[in-house]
Amino acid sequence: QVQLVESGGGLAQPGGSLRLSCAASGSIFSINAMHWYRQAPGRERELVATISKGGTATYKDAVKGRFTISRDNAKNTVYLQMNSLKLEDTAVYYCNAFIKPTPIGVELAYWGKGTLVTVSS
């Protein structure tokens, strides 16, 4: 059974920083792309950042230049460094990864349970 567990959320002031982590554990043969999504109250879940297995990163326009996604393949972990936080960054942040549990298994999408980020003065 594969699990994704996020950590690092909390309260930050506008202009502040937080670093989110998401560790994958369980039966893992390989991990393809990893993503961070967020969902603000009353809004749909949106894609924030993506990193390929090779390390290529893409970002939602609203976070470009402020957020950095990275991964440690040896630790099966993806990170999201969030700088210059704004009030509108307040949301529950979810980790998503495409994981192949076994060499002959199919690749499936897995989700973490989310971590709350609150930006407030």
Q.
Do Tyr37 and Phe67 sit in one hydrophobic cluster, given that two such residues count as connected whenever their side-chain heavy atoms are within less than 4.5 Å of each other, even indirectly?
A. no

Q: Identify the residue among Tyr94, Phe98, Tyr110 that makes a ring pair (Phe, Tyr, Trp, His ring centres under 6.0 Å) with His35.
A: Phe98

Q | Basic-acidic side-chain contact under 4.0 Å: Glu6, Lys113 | A | no

Q: Determine, stepwise, if the pair Tyr93 / Arg38 fulfils side-chain hydrogen bond (donor to acceptor under 3.5 Å, both in side chains).
A: CA-CA 4 Å; Tyr93 283 72; Arg38 68 185 181 188; 3.0 Å; yes

Q) Is the shortest heavy-atom distance from the side chain of Ser30 to the side chain of Lys53 under 4.5 Å? A) yes

Q. Run the side-chain contact (heavy atoms from CB on, under 4.5 Å) check on Ile69 and Tyr59 step by step: do they pass?
A. CA-CA 8 Å; Ile69 188 171; Tyr59 300 92; 3.5 Å; yes

Q) Going by an N to O cut-off under 4.0 Å, is there a salt bridge joining Lys86 and Asp89? A) no

Q. Which atoms form the tightest heavy-atom contact between Ala12 and Leu85, and what is the distance?
A. CB-CD1, 3.7 Å

Q) Within a reach of under 6.0 Å around CD of Gln81, are more than 12 heavy atoms found that belong to other residues, nucleotides or ligands? A) yes

Q) Would a hydrophobic clustering, with Ile, Leu, Val, Met, Phe, Trp and Tyr connected at side-chain separations under 4.5 Å, put Ile99 with Ile51? A) yes

Q: Can you establish whether the number of heavy atoms outside Glu88 located under 6.0 Å from its atom CD is more than 12?
A: yes

**Q.** Identified side-chain contact (heavy atoms from CB on, under 4.5 Å) partner of Trp36 from the options Leu47, Leu80, Thr50
**A.** Leu80

Q) Can you check whether Ser121 reaches Gln13 side chain to side chain, under 4.5 Å on heavy atoms? A) no

Q) Is it true that a side-chain atom of Ser27 and a backbone atom of Pro101 form a donor plus acceptor pair closer than 3.5 Å? A) yes

Q: Test side-chain contact (heavy atoms from CB on, under 4.5 Å) on Met82 and Arg19 and set out the steps.
A: CA-CA 6 Å; Met82 305 185 295; Arg19 188 190 193 214; over 6 Å; no

**Q.** Intermediate values then yes/no, side-chain contact (heavy atoms from CB on, under 4.5 Å), Ile28 and Asn76
**A.** CA-CA 9 Å; Ile28 297 172; Asn76 292 334; 3.9 Å; yes

Q.
Please find the pair of heavy atoms, one from Pro14 and one from Leu87, that lie closest to each other, and give the distance.
A. CG-CD2, 3.8 Å

Q) At what distance, to the nearest 0.5 angstrom, does OG of Ser25 lie from NZ of Lys75? A) 15.0 Å

Q: To the nearest 0.5 angstrom, please state how far the CG atom of Asn32 sits from the CG atom of Leu108.
A: 12.0 Å

Q: Before giving the answer on side-chain hydrogen bond (donor to acceptor under 3.5 Å, both in side chains), spell out for Thr77 and Asp72 the whole-Å C-alpha distance, their side-chain angles and the decisive distance to 0.1 Å.
A: CA-CA 5 Å; Thr77 299; Asp72 184 333; over 6 Å; no

Q) Between Arg45 (side chain) and Ala40 (backbone), is there a donor-acceptor pair under 3.5 Å? A) no

Q: Determine whether Val78 and Cys95 make a side-chain contact, defined as any pair of heavy atoms from C-beta on separated by less than 4.5 Å.
A: yes

Q) Does the side chain of Asn73 come within less than 4.5 Å of Ile31's, by heavy atoms? A) no

**Q.** Inter-residue atom distance Leu4.CG - Asn96.CG, 0.5 Å rounding
**A.** 7.5 Å

Q: Answer whether the closest heavy-atom distance between the side chains of Thr90 and Ser120 falls below 4.5 Å.
A: no

Q. Shared ILVMFWY cluster between Val48 and Met34, side chains joined below 4.5 angstrom?
A. yes

